S.K.: 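Attaching a single structure in structure tokens format; questions to follow.
In this text the structure is predicted, and so the values were computed from the model without any measurement. Chain identifiers are assigned alphabetically (A, B, ...) following the order of the sequence lines, protein sequences preceding nucleic acid strands; residue numbering begins at 1 within each chain.
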Amino acid sequence: MMEFDSTHLWMHFWAIATAATVSAGCALVGSFLVVRRLSLLGDAISHAVLPGIVLAVLAGGRPGGAGVFLGAVVAALVTVWLTNLLGTHAGLAEDAGAGVAFTTLFAIGVVLVSALASRVDIDPGCVLYGILELVPFDTVPILGLEVPRALLAAATVLVVLVVAAALCWKELVFTAFDPAAARAAGLPVGLVSAGLLVATSLATVASFEAVGAILVVAMLAVPAAAAELLVRRFHRMLVVAVALGVAGSIVGYLAAWHFNTNAAGMIAVVLGIEYLLAALLAPGDGIVARVLSRESLRWRVACEDRLASLWRAEEGDAAALAPRTLLDRLAQARLVFGGRIGPGLAGGLTDIGREEARVIVRSHRLWEAWLGRHVALPLDHLHPPAEWIEHHLGAEVRGRIAADLEGDEGDPHGRDIPPEGVPSSLADERAR
Amino acid sequence: MILAVADPSFPSGWIPPYNTLVVAAGVASVGFAAGVVGCFAVLRRRALAGDAAAHATLLGVGLAFLLGGGRRDLPLLLGGALSTAIAALLALVLIGRWTRTRDDAATAIVLGVSFGAGITLLSGISARGIPGSAGLEQFLLGHTAGLTAADAMILGALSLLTVALVALFLKESTLVAFDPLFAAASGWPVTLIDYALVVLVAVMVVVGLPAAGAVLVTALVVIPPVTARQWTDSVGVMLPLAGLFGLVAALSGVAVSSAVPRMPTGPLVVIAASILLTISLLIAPRRGGLARWLRSRRTVAAWADGRLLEVALRLEAQGPFTREQLLAKAPGAAADSAFERLVRSAAIEPVVTRAGTPAWRLAVLGRELAGERSRRLAAWTEVLEAAREDARGHLTIDVPSPEAILGAARMKAIRESAAAARSASGPA
């Protein structure tokens, strides 16, 4: 691992710029791969381009040069062709076919690198995890500035990818989301897929030197998958994926510098953390949001059930059952704290609490009456659905049901349906 | 096998040293077990989940190395590898259950991130120069040269244990692999068996680490079963055959890597396995490329023969015919060689006319064959006619007009060709 001191800030700048550029290109292509369920194409291609790169270098190409790009793209196409061949001719499942094709090509690449170590200027370690820290040492002069060659290659590829995506935007999106309709509409679906394949190879090869064959997989799939969790529109997903990729590269590089370890690996770890956070915190259907909404519903139901049972106890002039489960006790505590129930163990409903409880019992009995009249359920089947829906009926629905029942004052069990109360804060919550 | 080579009193001299032989035997049994266990990974489409688990092992190796205070103790390192491999599989399940992310992206995420974490940890360890950390790199691409005889015996024992487990639960695993719905309906705990198989694959991936390395060990689990599948349709044959292919691949990899300095074992094992697969794809009976090619050639030839005989039978109604007349009536690339074949088999005999030009007529054999062919064709026509009558019975209500679907031009073409066919078959 290289040690830098602060006088070499430029070195770090160039390395970070390279990582960010590479990452932006990968996130862009990766978004299309993720929505088309082709994430593992990136895996296959990144492994398989190795022999192409080695052979191209052996044939005299410069690492990062056009010849090497060509070799890699050819190797990528060979992998996909081999996978299809194994699928159609040997009847292999797609995962096994891909597993066979890319491991074999990668193995050939590693053996070539090891056997020709003296003739090919590729480090076997670099093949797997890249040496981002060495990128700034191989530069080309541009306008008097010593720009790393890897950055130049990555930037070129990024520009090509952005231009291609902008030009073929409509075709790419249509094909990604509804290939059958796109084909029916006369779009060259096969050509678009082949273009995506070439784009994936370009992004992979541009990243190869900086992050290696396997961590490219993370750069392709992780920011895109995280962005997919965060937003619902594809164009936003692209922007978010690129932003996550760039941010992950910068933070990852700095963390690797701080902990003195491999930068590409650390970038993958940071991207993984980004994905984890996205999965946890995504608005709407993130894990935290879902757990919260489920728990808050459970909590509200417990409170309302408690209120209703106290109300029924008052109605029948009996003592209410004591809360049994932990949730019931917590609900009781909250109701006392919120002024719905009077303090002390034997505290009954307060005025506000009685109002709210009446609305809940009203919902329950209205629903039972309505079911009894229109659905002809047996008497003992009316309670369970009403017990569920009493927490979800709003004032308007209650009004309509009451109008439908035409002043029928009792529920099927012969009890009175309590009148409508003043809307309370709990009812407001319910309306929401 | 291990006992035979482990006998130190065995006369040495031309045989390799004791350690090399034990390592070879250990790796051979790893290859065998990987092939056997891999069969279910392939049949159950879990190949890529195994790959994700394999890439995660590196992290476990690093953690176990730190936990063990920098000892290069193989069982400890493999224990660490197994725990992160299973954690990776668990992460796959959790992502599938809790997020909108689809399977393929989940696999890529777990694979890429866990490998990144492993690389980060191992680089950090080696940058701090912790003694003994140099050997950890062998888990990346596999290197059997560093294995001791004791290590190899552990690997061998673990391999035999997994094979024994597979043998013990063969019926259950086979059932779940081929018909999970039936298995579930019959009351088998399908999910449990499924998870057990995946864990077994993870164990195999870990045991295969020293031989093939984290990056390529999946190949050891995937390629031999795929190879064996080419040769057989029976699980009972596929399992040992896959084991055998795995064993041969592992042994060849070890042999070549010990002969070439600085050459990692993993890629060599994979290449050996792929060579076996390529050969199998070419020459396997029935499924192999060669067999398919021969079969399709035979089919084409049989068709050409039959068609030629049919035409010959019609031509003969006007007396002997020339070769040119025959081939003009039955064009096609295969007709030429079909003619030669029929002459050679004496289905067609030459008649020498006065002018000396040979004409031809059908021999007894040819007449029989042509008769049999037209009998079969007639029988099939009858069957199809009956089926058509049957189908016509269904066409009672509201069928759309074919013109509306096919278009008037296409309909006209169909009618014309049908009329042409009727007038051609009419006289015969």
Side-chain angles (χ1 to χ4, degrees), chain A residues 1 33-34 37-40 42-43 47 86 89-93 95-100 103-104 106-111 114-115 117 124-125 128-129 212 214-222 224-225 228-229 256 259-262 264-269 271-272 275 279 282 285 287 290, chain B residues 41-42 45-48 50-51 55 95 98-109 111-124 126-128 137 140-141 215-216 218-219 221-223 225-226 229-230 260 262-264 266-271 273-274 277 281 287 289 292:
Chain A
M1 204 57 39
L33 294 180
V34 164
R37 308 188 180 201
L38 287 174
S39 309
L40 292 165
D43 187 17
H47 282 75
L86 287 172
H89 281 264
L92 286 194
D95 64 331
V100 169
T103 51
T104 303
F106 188 73
I108 292 173
V110 174
V111 166
S114 305
L128 289 169
Y129 44 83
I214 296 163
L215 297 174
V216 169
V217 181
M219 283 199 161
L220 283 168
V222 184
E228 196 188 29
L229 296 179
F259 292 113
N260 186 19
T261 182
N262 179 279
M266 193 53 108
I267 290 174
V269 172
L271 291 176
Y275 176 80
D285 62 354
I287 294 172
R290 273 197 282 167
Chain B
V42 169
R45 316 233 159 143
R46 295 282 189 273
L48 291 170
D51 200 22
H55 282 76
I95 290 179
W98 278 96
T99 72
R100 276 188 287 133
T101 305
R102 289 170 294 269
D103 275 357
D104 63 315
T107 312
I109 290 167
L111 187 153
V113 173
S114 63
F115 189 75
I119 289 293
T120 309
L121 189 61
L122 289 194
S123 291
S126 88
R128 281 156 186 76
E137 276 192 9
L140 214 51
L141 289 170
V215 183
L216 288 172
T218 339
V221 180
V222 174
I223 302 182
V226 169
R229 186 70 187 83
Q230 302 304 312
V260 183
R262 292 200 317 118
M263 182 67 85
L268 293 169
V269 172
V270 174
I271 290 177
S274 294
L277 173 62
L281 285 174
R287 293 172 147 253
R292 277 161 198 267

S.K.: With a 4.5 angstrom heavy-atom cut-off, could you sort out which part of B:L122 is near chain A: side chain, backbone, both or neither?
M.R.: neither
S.K.: Between B:A108 and A:S39, what is the shortest heavy-atom contact and its length?
M.R.: CB-CB, 4.0 Å
S.K.: Rounded to the nearest 0.5 Å, how far apart are CG of A:D43 and CG of B:L48?
M.R.: 7.0 Å
S.K.: Heavy-atom pairs under 4.5 Å with chain A - which of B:V226, B:V222, B:V269 has more of them than the others?
M.R.: B:V226
S.K.: Which is it for A:L33 and B:D104 under the side-chain contact (heavy atoms from CB on, under 4.5 Å) test, yes or no, and what are the steps along the way?
M.R.: CA-CA 10 Å; A:L33 294 180; B:D104 63 315; over 6 Å; no
S.K.: What heavy-atom pair brings A:G265 and B:T120 nearest, and what distance separates the two atoms?
M.R.: C-OG1, 2.9 Å
S.K.: Just wondering, more than 12 heavy atoms not from A:R290 lying within 6.0 Å of its CZ?
M.R.: yes
S.K.: Which heavy-atom pair separates A:A268 from B:V113 by the least distance, and what is that distance?
M.R.: O-CG2, 3.7 Å
S.K.: Let's test your reading of the structure: which of B:L268, B:T218, B:V215 forms the most heavy-atom pairs below 4.5 Å with chain A?
M.R.: B:V215
S.K.: Once rounded to the nearest 0.5 Å, what's the spacing between atom OG1 of B:T101 and atom CG of A:L229?
M.R.: 4.0 Å
S.K.: B:R128 versus chain A, heavy atoms under 4.5 Å apart: side chain, backbone, both or neither?
M.R.: side chain
S.K.: Are any non-hydrogen side-chain atoms of B:D51 and A:L40 less than 4.5 angstrom apart?
M.R.: no
S.K.: Under a 4.5 Å cut-off applied to non-hydrogen side-chain atoms, are A:Y275 and B:I95 in contact?
M.R.: yes
S.K.: With a 4.5 angstrom heavy-atom cut-off, could you sort out which part of A:L38 is near chain B: side chain, backbone, both or neither?
M.R.: backbone
S.K.: Does the pair B:I223 and A:T104 meet the rule for a side-chain contact (heavy atoms from CB on, under 4.5 Å), with working shown?
M.R.: CA-CA 9 Å; B:I223 302 182; A:T104 303; 3.9 Å; yes
S.K.: Residues two or more places apart in sequence or in another chain: which of them pass salt bridge (charged side-chain N to carboxylate O under 4.0 Å, His left out) with B:R102?
M.R.: A:E228
S.K.: Locate the shortest heavy-atom distance separating A:N262 from B:S123; write the atom from each residue and the value.
M.R.: CB-OG, 3.1 Å
S.K.: Counting heavy-atom pairs closer than 4.5 Å to chain B, which one of A:A224, A:A256, A:A264, A:A218 comes out on top?
M.R.: A:A218
S.K.: Quick check: closest heavy atoms across A:L215 and B:G116, and the distance to 0.1 Å?
M.R.: CD2-CA, 3.4 Å
